[in-house]
Amino acid sequence: MPFNSISNRNNYIDQVLNTPFDLVVIGGGITGAGIAWDATLRGLKVLLLEQNDFASGTSSKSTKLIHGGLRYLKQLKFKQVCEVGRERAIVHNIARFLVRPEKMLLPIYENGSLSRITAALALTVYDTLAGVGKVDSFSYHSKEKTKSLEPLLPLKQLLGSFLYAEYQTDDYRLTWTLIQSALNKDAICLNYAKVNQIKTDENSSIRAVCFEDTILGENFEIKTSLVVNAAGPWVVDVISLDAFPPQKELLLSKGTHIVLSNNKFPLKQALYFDDIEKKRMIFAIPKGNTTYIGTTDVEYTNDKNKIYSSNTEIDYLIKTVQSVFPQLSINASDILSSWVGVRPLIKEPGKESTEVSRKDEIFVSQSGLISIAGGKLTGFRKMAEKVVDLLVKFHFKDKPGLKRSSGTKNTLLDGNSFKSESELNYYLVNLKKQFSDLGFEPELASIFMKRYGDKMEKMIGLLKDKVNVHDKIEWLLEAEIMYGILNEMIYFPTDFIQRQTGMLWFDRPKCVLKKEFILTVFALQFKWDNIKLSQERLKLDQLLDSSLDFKD
Ligand SMILES: Cc1cc2nc3c(=O)[nH]c(=O)nc-3n(C[C@H](O)[C@H](O)[C@H](O)COP(=O)(O)OP(=O)(O)OC[C@H]3O[C@@H](n4cnc5c(N)ncnc54)[C@H](O)[C@@H]3O)c2cc1C
């Protein structure tokens, strides 16, 4: 169903109210989306409710890496390295267009926290445990070769470097792709649907969840006996809606990333290097015309709905970059954009956020509410499998036709019909030709393919429908907005610049330049009056400001 009008949303809600669901999932981040996808593949009827836009919580604020877990090795967590290593390969395979190989350079310095021997040992263990194939296994490079790999690195104290395999993704898009894959299998997933009550019966078992549709401004009740709470940093708040007090505590750890332009920080190669205090490691990853740098790791106890980066964090990231690249002159006013999120970690008495394990944990309340927290973006598939295995074992043992084991390992996600790199490359060559025929830079095709995979045919159709040779940026923007509204449950310009395109972070100047155009396309499509248009303009301005708003 296209999502391009409020009346369609009403129809969608009618469908929600008239469908008997096996399971309601609260939270449309990577964890909830993964669970919805796994459960639908096994044959369960799923409703997923997300209070804001999909992935608007932590799942859009990560370093955007599908990790092999090198940092776990430092903590001697071999089992976790094995697991995330395996997961990394699986996720690349099922979402090839979106999870792309990215070689990471680890420079070795005379006085660095890692010696050449320690790093070589760690990477050997890492490659073995993570099941890295020959082509991708790590390599050591001399000082001179290192300089050619990343000309910006000063030679002083540099001994050489290691190049090892990681994967880069777009966390927002990965989450949406899971939602879309679940929708394809008849799940119903609603954004802007905030769960505000969990009702129990006289036996204290769950009988219904109530949610507010914040677009329609109405409240609804859904009968269900089975609810999975995948609310990330809000997991304990959701448990509190239940009749029983939370038995778990989360430790929220805040992480900030900053974005610099290529002019200011002309990095060619993704880097993993010591922070200024030589206590943690920091990533610097080129993306488009920018490079993003992160992250921090600071315990967070304030409002989860209004998270800001502090000036101290910004200062720390800038000083860290300058400690490696003293020739650069960077200050806070050079930052193009930034994002900040909180890791929902399971509290471990006596441990600080940097020491607390990133492992996931499932806990079941007395009412039967199943909550899951902790974990990583990388491990979403395995986390989902564990939750749905539990559901099948205890609730659906006798349900006819239900698949007992997870099918997610070998099921390609929506948009990924590519079974190999050569199939993907063939598609890309064709796409470049189509872009070129329409008068666009062929290289744009790569950016679009990483967003939409094999869905690009639909976008090309929209481009052909609305030719605007006078302003190519607007032509492309309009087609992309229409694609999002019709296919991706995009309701607001703020969703468009964050979830659909990531423009807020990686092309903020375009957001500012084309703000009125973007608003106009939405206003026409959703028939907004001037009051609504002003409200959305304000929201957009606030969002743009927030990406450069640092508070102590
Ligand atoms: C700075 C940083 C960097 C990271 N980098 C990486 C990385 O590179 N690789 C990696 O693998 N992992 C990384 N992680 C970890 C990873 O991002 C998280 O583990 C993951 O995104 C958590 O997903 P989630 O779905 O559990 O939580 P969330 O994404 O926060 O999703 C929970 C959702 O529940 C919704 N919700 C809450 N309450 C309600 C309600 N009442 N009704 C309806 N919906 C509700 C929220 O709006 C939210 O969208 C990073 C984390 C941080 C903070």
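Atoms within a ligand are numbered from 1 in the order they appear, just like the ligands themselves. Atoms considered below: every heavy atom in the structure, side chains included; atoms not considered: hydrogens, waters and symmetry mates.
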Original post:
So does Lys409 have more than 12 non-hydrogen atoms from other groups sitting under 6.0 Å from NZ?
Top reply: no
Subject >> Test of ring centre spacing under 6.0 Å for Tyr192 and Phe492 >> reply: yes
**OP:** Output, in order, the C-alpha distance, side-chain angles, deciding distance and verdict of side chain to side chain contact (heavy atoms under 4.5 Å, CB included) for Asp171 and Ile30.
**Re:** CA-CA 8 Å; Asp171 41 8; Ile30 194 88; over 6 Å; no
**OP:** For Asn18 and Asp14, indicate whether the former's side chain and the latter's backbone hold a donor-acceptor pair under 3.5 Å.
**Re:** yes
Subject >> Closest protein heavy atom to atom 31 (O) of ligand 1, given as residue, atom name and distance to 0.1 Å >> reply: Gly29 CA, 3.4 Å
Subject >> Nearest option to atom 6 (C) of ligand 1, as decided by whichever heavy atom of Ala55, Ser62, Ala230 sits closest >> reply: Ser62
Original post:
Among protein heavy atoms, which lies nearest atom 44 (N) of ligand 1, and at what distance?
Top reply: Gln51 N, 3.0 Å
Original post:
Taking the six-membered ring of Trp505, is NZ or CZ of Lys287 closer than 6.0 Å to its centre and within 45° of its axis?
Top reply: no
Original post:
Is Arg280 close enough and on-axis enough to Tyr316, meaning under 6.0 Å and within 45°, for cation-pi?
Top reply: no
Subject >> Option set Tyr192, Tyr172, Trp234, criterion heavy-atom distance to atom 38 (N) of ligand 1, minimum >> reply: Trp234
**OP:** Please step through salt bridge (Lys or Arg N to Asp or Glu O under 4.0 Å) for the pair Glu87 and Lys376, ending with a clear verdict.
**Re:** CA-CA 11 Å; Glu87 280 310 295; Lys376 303 274 292 170; over 6 Å; no
**OP:** Record the part of Lys61 in heavy-atom contact with ligand 1 below 4.0 Å; permitted values are side chain, backbone, both and neither.
**Re:** backbone
**OP:** Any atoms of ligand 1 less than 4.0 Å from a non-hydrogen atom of Leu49? List them with their elements.
**Re:** 43 (C), 44 (N)
Subject >> Approximate separation, where rounding is to 0.5 Å, of Asp274 CG and Thr320 OG1 >> reply: 9.5 Å
Original post:
In Å, rounded to the nearest 0.5 Å, how long is the span from CD1 of Ile485 to CG of Asn8?
Top reply: 12.0 Å
**OP:** Report yes or no: does a heavy atom of Lys254 sit under 4.0 Å from some atom of ligand 1?
**Re:** no
**OP:** Considering only non-hydrogen protein atoms, determine which one is nearest to atom 10 (C) of ligand 1 and report residue, atom name and distance to 0.1 Å.
**Re:** Leu377 CB, 3.3 Å
Original post:
Which option out of Gly57, Gly255, Ala193, Gly232 puts a heavy atom nearest to atom 27 (O) of ligand 1?
Top reply: Gly232
Subject >> Atom indices of ligand 1 within 4.0 angstrom of Gly341 heavy atoms, with elements >> reply: 53 (C)
Original post:
Is it the side chain, the backbone, both or neither of Lys64 that has a heavy atom closer than 4.0 Å to ligand 1?
Top reply: backbone
**OP:** Report yes or no: does Thr40 contribute a side-chain atom to a donor-acceptor pair with the main-chain N or O of Ala187 at less than 3.5 Å?
**Re:** no
**OP:** Give the residue, atom name and distance (to 0.1 Å) of the protein heavy atom nearest atom 24 (P) of ligand 1.
**Re:** Thr31 OG1, 3.2 Å
**OP:** Return a yes/no value for Leu241: is any of its N or O atoms, backbone included, closer than 3.5 angstrom to an N or O of ligand 1?
**Re:** no
**OP:** Enumerate the atoms of ligand 1 whose separation from the nearest heavy atom of Thr295 is less than 4.0 angstrom.
**Re:** 1 (C)
Original post:
Is there at least one pair of N or O atoms, one from Pro344 and one from ligand 1, spaced under 3.5 Å apart?
Top reply: no
Original post:
Which one of Ile346, Leu369, Ile372 satisfies the side chain to side chain contact (heavy atoms under 4.5 Å, CB included) criterion with Phe363?
Top reply: Ile346
Subject >> Aromatic ring proximity Phe97/His92, centre distance under 6.0 Å >> reply: no
**OP:** Number the atoms of ligand 1 from 1 as they appear, then name those within less than 4.0 Å of a heavy atom of Gly375, with their elements.
**Re:** 19 (O)
Original post:
For atom 48 (C) of ligand 1, which protein heavy atom lies nearest, and how many Å away is it?
Top reply: Glu50 OE1, 3.4 Å
**OP:** Starting from atom 51 (C) of ligand 1, locate the nearest protein heavy atom and write down its residue, its atom name and how far away it is, to 0.1 Å.
**Re:** Arg343 CG, 3.6 Å
Original post:
What part of Val340, side chain from CB on, backbone N/CA/C/O, both or neither, has a heavy atom under 4.0 Å from ligand 1?
Top reply: neither
**OP:** Return a yes/no value for Thr378: is any of its N or O atoms, backbone included, closer than 3.5 angstrom to an N or O of ligand 1?
**Re:** yes
Subject >> Nearest-option assignment for atom 21 (O) of ligand 1, heavy atoms, candidates Pro233, Ala231, Gly294, Ser59 >> reply: Ser59
Original post:
What's the shortest distance from atom 5 (N) of ligand 1 to any protein heavy atom, and which residue and atom give it?
Top reply: Thr63 N, 2.9 Å
Original post:
Roughly how far, to the nearest 0.5 Å, is CG of Asn410 from CG of Asn93?
Top reply: 7.5 Å
**OP:** For residues Ile188 and Phe21, determine if any side-chain heavy atom of one lies less than 4.5 Å from a side-chain heavy atom of the other.
**Re:** yes
**OP:** Please write down residue, atom name and distance for the protein heavy atom closest to atom 42 (N) of ligand 1.
**Re:** Val195 N, 3.0 Å
Original post:
Can you name the one residue among Phe506, Tyr172, Phe550, Tyr308 that meets ring pair (Phe, Tyr, Trp, His ring centres under 6.0 Å) with Trp339?
Top reply: Phe506
Original post:
For ligand 1, which atoms have a heavy atom of His67 less than 4.0 angstrom away?
Top reply: 7 (C), 8 (O), 9 (N), 10 (C)
Subject >> Leu65, portion touching ligand 1 at heavy-atom distance under 4.0 Å >> reply: both
